[in-house]
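Every chain is numbered from 1 and lettered A, B, ... according to where its sequence line falls, protein lines coming before strand lines.
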Amino acid sequence: MQLDSAPRPAPVRARLRAAACLLLASSIPGARAAAAATTQFDASGLLYGELDRAKVVEPTLRVMRLLDNGQSFSAGLVLDAITGASPSGAMPTGRAMTTTSASGTVTNHAPGEIPTSPFSDFRGALELGWHQPLGGIVATDLVTHYSREKDYQSIGGTAALSLDLMQRLTSVTVGGGYDYDNVFPVNGVPVGLSPVVAGTGGPPDEGPTNASAVTAAAATGGTSAAVKQVPSAVVGVSRILTRRWMVSLNASRIVQRGYLTEPYKIVSVIDPDSGTTVGSITEQRPTTRDRRDLLANSVYHFGTGVFYSSYRYYWDDWGVRSHTIDLKYRRDLAEETFFQPHVRLYAQTAADFFRFGVVQGEPLPTYASSDYRLGPLRSVTLGGTYGFHVPDYPGELTVRAEYILQWGDGHPSDAVGVQRTLDLMPPLHIATVMVGYTRTF
Amino acid sequence: MRFRFAIPLLSMLAVVVLPFALPATAATSTQAPAFRLPDRDGGTVALDSLAAKVVLIDFWASWCEPCRKSFPWLSSLYQRYGSKGLVIVAINLDKSREPAESFLSKYPAPFRVAFDPAGKTAEQFHVRAMPTSFVLDDHRTILLTHPGFDPKKTDAIETLVREACEK
Amino acid sequence: MMTRSRVLWLLLLTLLAPLVGGCAATSVKPWDRDLLAQKSMRFVPLPMESAIDQHIYFSKEGSMGGQEAGGGGCGCN
Amino acid sequence: MKAPAVRDSGAPSLRRVDDYFVGTFMAMASPCELLLDTDDWDDARAALERVHGEAARIEATFSRYLDGNVVHRINHSAGRPVEVDAETASLIDYAATCWEASGGLFDITSGALRRVWKFDGGDRVPSHEALAATLRNVGWHRVTWHSPVLTLPAGMEIDLGGIGKEYAVDRAASLVAAGTRAPFLVNFGGDLFASGARRGGATWSVGIDDPEHTGAAALYRIDFDRGGLATSGDARRYVMWQGRRLGHILDPRTGWPVSGAPRSITVLATTCVEAGTLSTLAYLQGAAARDFLDGQGVRFWIL
């Protein structure tokens with residue numbers, strides 16, 4: 001081996017720097033003790049508002065404790081305060097009218113406006129999580145949750161096993177979940193497709209009720225609560241393709257069994273000639289729903305920013321098919337700040353039994369619902385998140401503002417009379433503002 | 001309702017898992033490949049010009065989380081055996097010098113540091129995880145390979161280094 | 001209904017095979033993971049945001065599912 | 001060379017200057033200050049308390065002017081072995097490395113020579129015999145050091161002054177860094193450490209005062225954002241001998257102040273301890289100081 005010129009004797013500085021480092025490292029306790037465990041605290045607050053409809057305030061708190069053996073425990077609390085009006089399912093008509101919701105509340109509406117009924121609710125949800133790595137390549141995740149609101153309670157959990165393969169270039173996740181929900185509507189469980197008569201009572205905090213409203217509970221056949229069971233399964237594969245690009249494919253299946261009807265939603269009874277509403281009946285949905293989706297996800301790092309794109313295809317045995325495209329681009333700015341614009345496009349077909357109303361005199365279908373969320377719905381979301389950090393204060397802050405526009409095909413071919421002149425699914429404008437704070441210590 | 005859904009799922013899983021589930025074969029004891037890399041002061045570090053009874057090579061990078069835990073341990077190991085024949089060379093695999101220097105200002109490195117941005121040496125050493133350290137005897141044969149940083153394995157490495165130093 | 005979902009699953013399998021097995025097994029070396037190690041390189045980079053979004057869209061649309069299995073747990077849909 | 005006046009134990013004072021805080025106090029016979037680039041008063045108050053506490057602790061532990069600390073115990077051990085704590089052991093390890101790396105020029109046992117030299121600007125120099133007798137009590141090679149036990153032959157003494165102040169700067173800096181993200185600069189009597197560029201990205205700017213003390217404005221300004229800065233020189237303590245000005249830094253092998261050494265040397269390095277040792281070693285090279293520093297790959301300024 002040809003000996004090249006003897007390398008320059010390492011300058012004295014190299015030895016001094018090493019020795020100085022040793023001196024400062026060995027005597028400073030902080031530098032030596034590696035952080036044994038870290039705790040991450042997350043808090044966020046959501047303000048959600050629909051134009052003259054529901055308003056939601058949702059604070060969330062979450063604490064995650066990561067131990068040095070890779071195990072982590074997390075606890076999260078979500079609180080929702082919901083007020084405002086929700087569409088009852090009744091159809092707009094040419095003239096001012098009053099509608100009575102299934103919970104017996106009567107409200108007046110201007111002509112052509114979607115009838116809604118006022119409601120308010122308070123929901124709390126607690127979630128506990130546990131992540132346990134088993135050896136180098138396998139990890140398990142267990143999550144249990146309990147949530148409660150005035151007329152709904154849910155308890156459930158999910159378990160997932162993830163496996164890292166090929167030097168962690170590929171990972172496979174298999175998981176399952178089960179929820180057991182109780183529904184106890186304010187005036188009892190209404191009998192499906194049964195006429196709703198103006199009621200006198202109505203739940204105490206249901207907002208102002210007009211005179212002469214008859215409680216709808218009389219038509220409920222006396223059952224006060226119903227059960228809903230939801231087993232679910234998910235399988236996913238994620239793959240690192242290049243230094244900048246990773247992709248994943250997830251498939252999930254959720255089977256809902258039990259009382260799936262919305263207790264407060266009604267279906268209008270339409271006069272066959274004039275098309276005006278002459279009454280309303282409670283809605284009725286099937287007792288099972290087999291829901292599946294396929295989600296393809298891609299994350300690509302451009303060096304100055306990261307591009308997130310995902311496509312979800314959803315289908316279920318109620319006839320709803322939907323496409324969802326979600327695009328985000330996180331642009332890293334100066335020191336630890338970023339801006340992330342967001343676009344989401346959504347389109348779904350209506351459920352087979354969705355209808356804008358039932359024509360008086362015709363035989364009632366077995367299932368019927370006018371809940372626009374089961375209708376031919378389109379929606380576009382435009383928004384952006386700004387992430388930053390307040391100097392001298394630990395932790396990162398994110399502020400997100402988004403606008404969601406929902407609309408639908410409100411001109412069905414079988415519309416009758418005046419309905420032909422109305423848009424039965426007028427656009428809905430939603431604005432959300434969210435503030436997030438994350439701190440690890 | 002049977003889960004007809006499950007059958008295709010399991011077959012998909014099989015496609016993914018089977019061919020890759022075989023563990024990589026353990027490397028037989030081989031001679032460590034020679035290298036000559038730039039150090040922090042404009043000089044170079046060459047494996048064959050290290051006068052040492054035992055050499056510990058540690059491949060690290062500033063973005064690698066376990067490396068933050070391994071550096072304090074490497075410092076204390078060097079403090080105890082540096083004067084008894086142990087030389088530690090921490091080979092940095094960052095793509096550029098700046099992140100490595102800012103890491104070193106937070107996690108002091110009293111031992112030698114070398115830079116291999118292209119990862120050529122890591123390739124020759126068949127590095128499979130970040131970090132990975134190799135303990136070499138005075139003939140530069142690899143006595144032990146330690147992928148990742150597992151605090152439970154540090155005692156085994158320390159005894160190996162102590163025995164090599166006392167030889 | 002049956003043949004339709006059967007076709008879908010075949011499509012899934014064919015799509016998946018190259019994705020997982022085909023590409024060179026070790027195209028990304030362990031030391032090439034500097035970008036991948038960043039917090040932003042995750043399928044769910046801001047978990048709090050996506051949890052809230054899942055809740056919003058679950059209660060305003062007819063679909064559900066996506067990142068985590070299960071979900072729901074509210075009387076909002 | 002009298003012991004410093006009664007140690008000023010006055011509480012540190014904190015004041016606002018432009019958009020940053022300046023905390024000042026006296027320690028190690030020098031004016032000490034902490035500059036913290038933040039708007040948070042509590043942050044600055046907490047950081048100043050930590051810096052002041054650490055400076056006082058290190059001075060009490062390692063100053064050879066104080067009785068009862070570990071250096072006093074070592075210097076009065078009359079040849080008996082003394083076991084020292086971990087921090088002292090790491091300081092002695094560092095001094096031993098510097099002694100070896102400098103070929104014996106950097107020697108913490110050269111303190112004994114202070115008995116025969118008075119650097120008060122006067123013109124008295126020790127006689128040959130007195131110097132020879134003192135030199136018998138100087139030399140790290142005479143000491144037995146198996147950490148953590150140090151055995152100093154009777155009559156010898158150690159002085160960690162050459163490292164103590166810079167060590168205090170680095171220690172104080174790491175305590176501040178542990179408590180705040182704000183950029184800061186620690187300055188103990190001319191030995192500095194800066195943690196990083198100021199909030200607006202500006203660098204720290206330090207003036208090197210005129211060693212002749214003619215009161216002229218700083219001779220030149222050094223701009224740097226991160227690292228340790230230390231100066232060696234005869235700025236304040238010197239003797240005038242045969243018309244020549246001899247600084248207080250002595251060559252432990254000859255017992256005489258270094259000849260031909262520049263007026264003052266300032267070095268910027270990774271830590272203050274490293275900068276201090278490099279500037280002292282450079283000074284000990286005398287006229288060859290510039291060549292020595294050229295080979296070390298550090299920024300330096302020589303007057």
Winner by heavy-atom pair count (cut-off under 4.5 Å) against chain C, out of D332(A), T385(A), V143(A): T385(A)
Chain C contact via F338(A) - which portion, at a heavy-atom distance below 4.5 Å: side chain
Carboxylate-amine/guanidinium contact D34(C) R243(A), below 4.0 Å: yes
Side chain to side chain, Q340(A) and L46(C), heavy atoms closer than 4.5 Å: yes
For the student: nearest non-hydrogen atoms of M48(C) and S44(A), plus distance: CE-OG, 3.7 Å
Proximity breakdown for Y180(A) and chain C, heavy-atom pairs closer than 4.5 Å: neither
Chain C contact via V183(A) - side chain, backbone, both or neither, heavy atoms under 4.5 Å: neither
Test item: side-chain donor near acceptor, Y346(A) and K60(C), under 3.5 Å: no
Closest non-hydrogen atom pair, G62(C) against Q348(A): N-OE1, 2.9 Å
Proximity breakdown for R312(A) and chain C, heavy-atom pairs closer than 4.5 Å: side chain
Proximity breakdown for M246(A) and chain C, heavy-atom pairs closer than 4.5 Å: both
Part of D80(A) lying under 4.5 Å from any heavy atom of chain C: side chain
Interchain contact, T432(A) with chain C, by part (heavy-atom threshold 4.5 Å): side chain
R400(A) and D53(C) ion-paired at < 4.0 Å: yes
Region of I430(A) that comes under 4.5 Å of a non-hydrogen atom in chain C: side chain
Within-4.5 Å side-chain heavy-atom neighbours: V299(A) and M41(C): yes
Least distance between heavy atoms, S252(A) atom then G65(C) atom: OG-CA, 4.2 Å
Under 3.5 Å donor-acceptor, R373(A) side chain and S59(C) backbone: yes
NZ or CZ of R344(A) within 45° of Y57(C) ring axis and under 6.0 Å: yes
Reported OG-to-OH distance for the pair S40(C) and Y308(A), which is rounded to 0.5 angstrom: 4.5 Å
Contact origin within Q38(C) toward chain A - heavy atom pairs under 4.5 Å: side chain
Contacting region of D293(A) [heavy-atom separation from chain C under 4.5 Å]: side chain
Side-chain heavy atoms of Q256(A) within contact of M64(C), under 4.5 Å: yes
A350(A) portion near chain C, given a 4.5 angstrom heavy-atom threshold: neither
Best-contacting candidate, K328(A), Q406(A), E402(A), against chain C by heavy atom pairs under 4.5 angstrom: Q406(A)
Contacting region of S379(A) [heavy-atom separation from chain C under 4.5 Å]: side chain
Flag side-chain contact, heavy atom, 4.5 Å: E396(A) against K39(C): yes
Choice from V320(A), I240(A), L377(A), T381(A) maximising heavy atom contacts with chain C below 4.5 Å: I240(A)
Distance, nearest 0.5 Å, that separates CG of L35(C) from OG1 of T242(A): 9.0 Å
Pairwise distance OH(Y314(A)) to CD(E61(C)) - rounded to 0.5 angstrom: 11.0 Å
Worked verdict on T398(A) versus E49(C) for side chain to side chain donor-acceptor pair (under 3.5 Å): CA-CA 10 Å; T398(A) 52; E49(C) 263 187 25; 4.7 Å; no
CA sep, side-chain torsions, deciding dist, call: L169(A), R33(C), side chain to side chain contact (heavy atoms under 4.5 Å, CB included): CA-CA 10 Å; L169(A) 291 180; R33(C) 301 180 81 132; 4.0 Å; yes
Under 4.5 Å from any heavy atom of chain C - which part of E127(A): neither
Contact origin within I404(A) toward chain C - heavy atom pairs under 4.5 Å: side chain
Side-chain donor or acceptor of R168(A) paired with backbone N/O of P30(C) under 3.5 Å: no
Steps toward side chain to side chain contact (heavy atoms under 4.5 Å, CB included) verdict (I52(C), V78(A)): CA-CA 10 Å; I52(C) 282 178; V78(A) 181; over 6 Å; no
